[in-house]
Amino acid sequence: MKPAPFDYVRASDLDHALELLAYSEGEAKLIAGGQSLNPMLRLRLAAPTLLIDISRLPELRRSEDSPNGLRVGAGITHYEIERGATGAAGALARLPVLGRTAPLIGHAPIRTRGTFGGSIAHADPASEWCLLARLLDARVTARNMDGEREIPAETFFEGFLTNALHDDEILTSVLFPSLPTAAVVLELTRRHGDFAIAAVGAAVWMTGTTCDSFHLALGGVGSTVLRATAAEQLLTAGSLTEAAIAEAAELAAQDLAPSADIHGPTEYRRHLVKVLTRRALSDLVQQIEDGTDD
Amino acid sequence: MSDTEPAPQPDTAAHGVGRHIGSTVGRAEDVRLVTGRGQYLADLPVGPRLELAFLRATDASARIVHLDTTEAAQSEGVVAVYTAADMAGVNGPVPVVWQQPGLLLPDYPALAPDFVRYAGQPVAAVVASSRALAEDALHLIDVDYEPLPPVVEPLAALDPDAPIVHPQLRTNEGYRLATSTGDVATAFTDAPVVVEATLSIQRQTALPMECRSIMAQPGADGRTTVWATIQQPHLFRDHMAAVLHISTDQLHIVVPDLGGSFGAYYEIYPEDIVTVFAAMALNATVCYLEDRQESFLSTVHAREQVHRAALALTSDGRILGFRDDIVANLGAFVDYSGAGTATVTTTCACGPYDVPATEIELRCAFTNTVRVGAYRGFGMPEATFAIERMIDMAATRLQMDPVQLRLKNLPGPDRMPYTMATGPAIDSGDFPSLFESAKEAIGYDEFLAKRASPTNGAPRRRAGIGVAVYVELTGSGPSNQMAPRGYRSPGWEGVSAEVRRDGTIRVCSGSSHLGQGIRTGLSQIAADQLGVNPAQVVVITGDTDLVRHGNRGSIGSRSAVVAGNAAHGAAVELAAKIKAMAAGLLEVDAQDLVLHGGRVSVRGADEVGLSFRELAEEAFMRQRTAVAEHPMLEAISFYDPTGLPASSGVHAARVEVDVETGEVEIVDYVIVHDCGVVINPALVDGQVLGGTAQGIGGALLEELVYDANGQLKTASMMDYLVPTAAEMPTVKILHQETRSPLNPLGVKGAGEAGTIAPPAALANAVSDALGVPANHLPLSPATVWRLARQDHDVAGAESGPR
Amino acid sequence: MTDKHLIRLTVNGTEHDITVEPRTSLADVLRDDLGLTGTHVTCEQGICGACTVIADGQAIRSCITLAVQVDDAKVETAESLGSPANLSDLQQAFIEEHALQCGFCTPGFLMLATWLLRDHPTVDDDAMRAVMSSNICRCTGYRGILRAVRRVRDAQLAERPYPS
């Protein structure tokens, strides 16, 4: 199980990386932590002619909290986010759901190398970061030699392992433009650290005790992370009563058709969405009452 | 012993005083293994070696219409490319050591010549200077297949209209065995209570951590040294020599440190034959290191059976009869034991119960899948799952306590030895006592009392309790009863023990080290007879030159029983020789001599004696001893079992089932285990607990899944889920020691027992929690959720908040 | 064949300049180029943890890390932990708690635990179990492994208490 041969260049800075990428005409792949790419290379499911290593670019390791929102550098590792408020990940304490979600990703020795931006770019519908990006309407910053553009998460994730990046673009950071009052990510895995069979994210924006907006995102049950818009509308309009939660859970699940796999049939995964939604919303109510996500 | 209590520490007081059996003696290899100095096959410093990679069938059933290796042969680093045509005369067939009378035996070639019968079957082999270059060349092989319709499920394969896996056999039914005792028809006709069910056990695999590996190095003397991950080096040598048409003396088999095994290394594989062939053809060191993907596509799978069972009882719970119609999957060819695992299932089908009338039918089907063969437990977890679920379902029907129902039908200690309905005898054991200990440790009565008290509504989490009992027939023999059953290997082991010239003691055994600690166990047995510390006994295993006599190696929970008693016999004989020689030299009566601290001396007068070194020096030099009178201080003893020492045990589990998600949490788990005299408590605990982890995996997690086209959907450790530290519950292990009357040491095998009961105990606990029978493994969340939905209360609870 | 790269690795305190193909994993370099065969490879997909080493202070899977990716890194393998005559506390505890049988997964577990107790000396039992679930052992059922790591953690804390 050895990869096909390829060339390798460690980019000296972001411009160098962009240049290499532009001249490779789609034959190159970027590598940061490589925790998803290396297994694919070993199975020869990916066979690029060139790997461009962007793991040490300082430009990708910046995080900042500004009036525009919270920006997470693409090169920050899962483990840096998990271990919290120091170094490059320091600013991220403003969005505590990041730190609570990081430990759900794989296992510790994967998280020490895998990066935030790498996960987003990999666009796995079961990815916790993709779920969070969709949940919080994050905006992906993509850069090529000509400049920068922002892509809303909604259009960034195009399909299973497919994103909206052009061949010459590098994902440099992800912006969370608006921080929720409370947010929860809940998932069901077969074993500790496995990919989620289904995952649910819930977030609420409040002014005082009034709910301004409510988001619900579903992971691992479609070709991309999905938003449960009907349930969101119901919750935004009303209050988080037990009845509303139950109804929202029904709404979230009703139109889903997750494909059956070795872990369960369509029906089961749809049902899980209902259960996880209900539990996530109950957790969210608890969080609002405790005021833990300030 | 709880999870947080310290492990038993070496009983240093016992060292050197003659009672090492029963004490926790540390393993000599541990220091090497924790410092990264293990010598697993890929670690061996043999110098430059060529590596092999295999082109494997991508179709489950197909005719090879075109195969061109020209371009691959010219690829960088490639030394040779082989196809079936290159191996004419030595292209298998892959040997089968247990050929049940009536078994159909299709030839399993090393490289597929014209047809492929399962996805993953080796078609061509590339030898190159590195594995990466060999794999590069694989992609340059031009191969075309004409796909044929595959058959994957064993029941489907037995349908008269199914595609035939091996057309020359004209049937997919590779083996059929029907046995009956008593008057089954009457038993069922007259029975007031009959419980019927279909039960299934999923396909699994042993998955040792080290992938299968083999390396062959031809020597200038015409002999080839073969290092291999195998459990039975001597049989491997004999079979490999036969396939390659060379003399057994041209092969020297060495087993390096092994990274597990659990049955996966109990085979000669096609890749083994190609590797040795290539090394000899190229006169170069050639190595095949299976990768994990290949291990899923080539190393034997296991279990996969469907049972249609019926149990007849009186209204007060006395078993009248048991019927089981078993269908097992063989895969595309038979494994080393033929239809052995399923055959063992039939032997254990009734469990240890007193069943007056039985009818067991087994049909084994060829399918276009990887072979189904050996995995720790070897047919017994399957049998135990079926009968123990049936007993629990009967208890539910009769509204009887499941433990009471079991005790009513189990032979008590007064009936030992007890001949089972299916033939073999349980030599010893005490089932009521096993249950008593298990019930107390798991808090059985308290659990039931608590549940009897009213609760408010149907909770999201439901608690359940389950038990399972089993016997494991270990250390198979005697040899003269095995041959008629189709075994082409005997039951004996021969162990030699000698005092070497420097006074050290060497013991050689044909059993194999797999991580279970057999060398330590044998050193304890020998040390007890020779009056030395086990650390002073060097045990040699896994080398066909150093170990003269060996056959079946370490399989079937036999090493402690068969090699153990052979080692005991050899040590007893050696001790007698030491005394006899010393008696002559010291001019005393041999009966007055004792062995202690590496010396032989006069009882009560330690200063009058000789060290083993002095004695061995004289045995070598013969200055004061007549040659004819005292040959070397060496003894060889053969032990051929007279019966099957029966280990037994009860597992008890408490679970909580999340009825909304189907998740099963094991809240408490108790094992009461009886393997007779315990040679080394820490090693036995390790075997029992490790086996139990595999059994828990089989109950809840592990499953190999094929799609309808015969493609394996779970060919990675990402998809084939073995338990991690997060999934393992705290396990209490209790020992009961019922000495086996069948052998001098009183021991019974312990290697496989742990795997046997967990699926049954956990399925019983889940069934108890849900009030719905859980008869299909594994109990994945999706499966358990589906079961939970069959229960009305749960469906009602589903819509409420948690 | 692609261009080879010259990389520098400081492995167990010794500096090595090594020429590698880009496709070569760190695990293969450690084993094949440096002869450090204590690092074992079995799943090659980053799932089982047998190949766990410490690189620049972090536990990583060396099978899904290319050697070129860790150019200039300080790498620690099981061979660095202690010698037969001078075992590390964890090595000693693994032996005494029967935390190994076949021993194939043991170096990976030792490196994972060494990193865990260094990175998080006060780790509680639940968090320890979660981190130790990163690696797979097929022999022991994990009891001895968890006991050994707990024992060393407790001994370290007794010797040098950390503020909780």
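Because only heavy atoms are used, hydrogens play no part in the values below, and waters and symmetry mates are left out as well, while side chains stay in. Letters go in sequence order (proteins before strands), and every chain restarts at 1.
Within residues 111-132 of chain A, the residues that have a heavy atom under 4.5 Å from a heavy atom of chain C are T112(A), R113(A), listed by number. Of all residues spanning residues 6-23 of chain A, those with a heavy atom less than 4.5 Å away from chain C's heavy atoms are F6(A), D7(A), Y8(A), R10(A), arranged by number. Within residues 43-58 of chain A, the residues having any heavy atom closer than 4.5 Å to a heavy atom of chain C are L43(A), R44(A), L51(A), D53(A), R56(A), listed by residue number. Residues of residues 101-110 of chain C lying under 4.5 angstrom from chain A, judged on non-hydrogen atoms, do not exist.
The minimum heavy-atom distance linking S134(C) with P109(A) is given by the pair OG-CD, 3.4 Å. I110(A) and G46(C) make their closest contact through CD1-O, 3.6 Å (heavy atoms, listed as atom of the first residue, atom of the second, distance).
Ranked by heavy-atom pairs shorter than 4.5 Å toward chain C, the options M1(A), R42(A), M40(A), H192(A) are led by R42(A). When each of D71(C), L112(C), L116(C) is checked for heavy-atom pairs under 4.5 Å with chain A, D71(C) comes out on top.
Heavy atoms closer than 4.5 Å to chain A are found nowhere in I54(C), neither backbone nor side chain. The contact between T65(C) and chain A is made by backbone and side chain atoms together, counting heavy-atom distances below 4.5 Å. Contact of A55(C) with chain A is not made at all, since no heavy-atom distance falls under 4.5 Å. Interface remark: D28(C) contributes side-chain atoms only to the contact with chain A (heavy atom separation under 4.5 Å). With a 4.5 angstrom heavy-atom cutoff, V20(C) does not touch chain A via any of its atoms. Heavy atoms closer than 4.5 Å to chain C are found in the side chain of I31(A), but not in its backbone.
The closest donor-acceptor contact from the side chain of E44(C) to the backbone of K2(A) lies at 3.5 Å or more, if one exists at all.
Among R61(C), Q69(C), R23(C), the single residue meeting the side chain to side chain donor-acceptor pair (under 3.5 Å) criterion with N38(A) is Q69(C).
Using a 4.5 Å heavy-atom threshold, the side chains of H107(A) and T52(C) count as separate.
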* To do: Apply side chain to side chain contact (heavy atoms under 4.5 Å, CB included) to D119(C) and R83(A), showing your working.
  => CA-CA 10 Å; D119(C) 189 64; R83(A) 290 309 294 263; 2.7 Å; yes

